[in-house]
Undergrad: 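Okay, handing you the structure first.
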Amino acid sequence: MFLFNHKTKFNDLSITTAHELLMAKKITSVELTKFFLNRIKKLDKKLNSCLTVLLREALSQAKLADDRISKGECGELLGIPYLLKDNILVKGIKTTAASKMLANYIAPYNATIVERLKEAGAVLLGKTNLDEFAHGSSTETSAFGLTRNPWDLSRVPGGSSGGSASAVSADFCIFALGSDTGGSIRQPASFCGLSGFKPSYGRVSRFGLIAMTSSTDVIGPLTKTAEDSAIVLQTIAGFDKFDLTTKKELVPDYLKNIDKDIKGVRIGIVEEFLDLGLEPDVKKGILEALNIFKSLGAEIKKISLPYNKYSIPVYYIITPSEVSANLSRLDGLRYGFSFTYKAKGKTEENFSEIYKHNRGESFGPEVKRRIMLGTYALSSGYFDAYYKKAMAVKEKIKQEYQNIFNEVDVIITPSSAHTAFKIGEQINDNLKMYLEDIFGVGPSLAGLPAISIPAGLSQGLPFGLQIIANKFEEEKVFNLAYNFQKITNFHKQKPKF
Amino acid sequence: MAISKEDIKKVANLAKLDLNDIEIDNYQQQLGKILEYIDILKEVEVSDLEFLGLGDEDVNQVRLDEASSWPQDEIDIALEQVIDKEEHQVKINRIL
């Protein structure tokens, strides 16, 4: 433990180190909260990672947490400041999904995970930027301006949870929550040098998450260490009567065996992935990481996932299809953007025209593109050729993973083929942007847990490796990641921001 | 796969989206390109599959269809955002 005095900066604190200091009464939650709120105020002009900052609310939550600590409570998230992606509902607070459609929307209730974090005593500092409705891989499609990467301000932080990733990387909070549908936590974690964890589908409640693709959406943490991800998951995981896709079984203790050695663990490495246009440094870094796992006693086995090449086309049928259905509820009448209704709200106004105006005026180009694609794929005459076929191939992808997990315990892949790209470089090439998710989509379609952890730097920019396990085997992911971070320092490297 | 301008207009109508001429042109090109890429799925043989989509672990869970009360403050927040209302109900134009 390091010695604390009032000049100490809290930049380096993880959940575990902050928790120790709080419990030892060397710092208070109010001090921590003020420190991070000040940083956001001073520095977020450069990044635009936060859409809403909750000054008063955060300080009153911090005071409450300090009271609970003084009464002897000792929960691991008690008094720990965090940020939340702005597609997750907080009662009485603006929740925009980074869309003009919901620019003034006030959430009437808390998401289940927000309730659980509140009970645990975590302190909510504010809401973070994202690609509009989480549609994107760069946080450039937000209606409220793009977010920048603290490692290089001319580059994207990844997406769609780019605001959360950028903020944790810039030390604006100790952890953040994101959502991951096809890589939206893991790719930004890779671009910003963080540990980003996507739980198994059904492990964490989606109640209060603005739906994008209901069959693969999952909420998960972006943290400074893999152990921190396990701590956050422990709090937010478990059955929720408001989301019946959550698993009823008890949530295991993710920290109990996290430090167990990994002797004899079978790691699968997908041979063909190493030839998918990886930057040389990324390829080198992944191979070196495998040697590190080997030195810790793991067995490396070459495997092949031939159906993975179909994961992007499958994803870009299923996702837009569900997007078009999920966003159809947004009509600007009950809530949200209203273009014509007030101005021209006469009885002769055609209803269909009101919907079209409200939606046409307030959705951005990527959202419209996905709604169009999904509506087309689901329309009469094309349904069998696109949606039904995609669902069948998704099943093949799932089966392939299930079979592979008879041979290996975990699979390791790059998190992304490259480091963060330049702002504007890919925004006009939507197909190239869709291919950003090449390593992320497979585990999403199969509902598997996966983490991205830092694995090195290439020309001063971080890149990550991905560890995937079979469904509901998140312990294996954390165990491997923890052991890797115990003997490496990649996760401790910080941007000169 | 080529997609016609008429198809784009038809889909936009189904999706309840106002699109201007530039958007129609853009989406015609972009959707065509994406669908062309997606055509790779034609080469996958799936006739051996016994079921589609839902695995065993995802079987539907059911609950009773009962009305449950919602906290009044949450109802108030929701209703404050309605464009037009009358006595706790959303007021819209006549449909017919």
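Naming convention: chains lettered A, B, ... in sequence-line order (proteins, then strands); numbering from 1 in each chain.
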Undergrad: Is chain B contacted by the side chain of A:Leu378, its backbone, both, or neither, given a heavy-atom distance below 4.5 Å?
TA: neither
Undergrad: Tell me, do B:Glu80 and A:Ile106 make a side-chain contact under 4.5 Å, heavy atoms counted?
TA: no
Undergrad: Are A:Thr375 and B:Leu17 side-chain neighbours, meaning at least one heavy-atom pair lies under 4.5 Å?
TA: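 A:Thr375 does not reach B:Leu17 side chain to side chain.
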Undergrad: With side chains defined as the heavy atoms from C-beta onward, is the minimum distance between A:Leu431 and B:Gln30 less than 4.5 Å?
TA: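 Of all side-chain heavy-atom pairs linking B:Gln30 with A:Leu431, none is under 4.5 Å.
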Undergrad: Does any heavy atom of chain B fall under 4.5 Å from the side chain of A:Thr246, the backbone, both, or neither of them?
TA: backbone
Undergrad: Which atoms of A:Lys389 are under 4.5 Å from chain B, going by heavy atoms: the side chain, the backbone, both sets, or neither?
TA: side chain
Undergrad: Where on B:Val11 is there a heavy atom nearer than 4.5 Å to chain A: the side chain, the backbone, both, or neither?
TA: both
Undergrad: Do any of residues 64-75 of chain B have a heavy atom less than 4.5 Å from a heavy atom of chain A, and if so, which, in residue order?
TA: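 The stretch touches chain A at B:Trp70, B:Asp73, B:Glu74.
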Undergrad: Search all heavy atoms of A:Gly332 against all heavy atoms of B:Ile83 and return the closest pair with its distance.
TA: O-CG1, 3.2 Å
Undergrad: Below 4.5 Å from any heavy atom of chain B, which atoms of A:Asp331 appear? Answer side chain, backbone, both or neither.
TA: neither
Undergrad: Counting only non-hydrogen atoms closer than 4.5 Å, does B:Leu41 touch chain A with its backbone (N, CA, C, O), its side chain (CB onward), both, or neither?
TA: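 Both parts, backbone and side chain.
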Undergrad: Counting only heavy atoms closer than 4.5 Å, note whether A:Lys247 contacts chain B via side chain, backbone, both or neither.
TA: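 Answer is neither: A:Lys247 stays 4.5 Å or more from chain B.
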Undergrad: Which atoms of A:Ala385 come close to chain B, meaning under 4.5 Å heavy atom to heavy atom: side chain ones, backbone ones, both, or neither?
TA: neither
Undergrad: Report yes or no: do A:Asn358 and B:Lys16 form a side-chain donor-acceptor pair below 3.5 Å?
TA: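 No pair is found: no donor N or O on one side chain lies under 3.5 Å from an acceptor on the other.
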Undergrad: Quick one: what part of A:Ser328 sits under 4.5 Å from any heavy atom of chain B, side chain, backbone, both or neither?
TA: neither
Undergrad: Specify which of B:Glu45, B:Glu43, B:Lys85 makes the most heavy-atom pairs with chain A at under 4.5 Å.
TA: B:Glu43
Undergrad: Heavy-atom cut-off 4.5 Å, strictly under: side chain, backbone, both or neither for B:Asp7 against chain A?
TA: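 B:Asp7 touches chain A through side-chain heavy atoms alone.
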Undergrad: Quick check for you: to the nearest 0.5 Å, what is the distance between A:Lys91 atom NZ and B:Ile77 atom CD1?
TA: 6.0 Å
Undergrad: Give, for atom CG of B:Asp18 and atom CD of A:Glu361, the distance between the pair rounded to the nearest 0.5 Å.
TA: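 So the gap between those two atoms works out to 7.5 Å.
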Undergrad: Restricting to non-hydrogen atoms, name the atom on B:Leu14 and the atom on A:Ser379 that form the minimum distance, rounded to 0.1 Å.
TA: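 That closest heavy-atom pairing would be CD1-CB, 4.3 Å.
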Undergrad: With heavy-atom distances below 4.5 Å as the criterion, would you say the side chains of B:Leu35 and A:Tyr382 are in contact?
TA: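 No. Closest side-chain heavy atoms not under 4.5 Å.
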Undergrad: Find the one option among A:Gly336, A:Ser352, A:Ala377 whose heavy-atom pairs under 4.5 Å with chain B are most numerous.
TA: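 Option with the top pair count is A:Ser352.
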Undergrad: Below 4.5 Å, heavy atoms only, C-beta onward: do A:Tyr310 and B:Ile38 meet side chain to side chain?
TA: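 Sidechains of B:Ile38 and A:Tyr310: no contact.
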Undergrad: Could you look at A:Tyr105 and say if it's the side chain, the backbone, both or neither that has a heavy atom under 4.5 Å from chain B?
TA: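 Its backbone and side chain both get close to chain B.
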Undergrad: Pick from A:Gly92, A:Ser215, A:Pro365: which one has the most heavy-atom pairs with chain B under 4.5 Å?
TA: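 Option with the greatest count: A:Pro365.
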Undergrad: Check whether more than 12 heavy atoms from other residues, nucleotides or ligands sit under 6.0 Å from atom NZ of A:Lys396, and answer yes or no.
TA: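 Yes, enclosed.
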Undergrad: Quick check for you: to the nearest 0.5 Å, what is the distance between A:Met372 atom CE and B:Ile34 atom CD1?
TA: 11.0 Å
Undergrad: What residues of residues 20-29 of chain B make heavy-atom contacts with chain A at a cutoff under 4.5 angstrom?
TA: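 So far as heavy atoms go, B:Glu23, B:Tyr27 are the residues that approach chain A to under 4.5 Å.
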Undergrad: I'd like to verify something: which residue of B:Leu79, B:Leu19, B:Asp76, B:Val44 has the highest number of heavy-atom pairs under 4.5 Å with chain A?
TA: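 Looking at each of B:Leu79, B:Leu19, B:Asp76, B:Val44 in turn, B:Val44 comes out on top.
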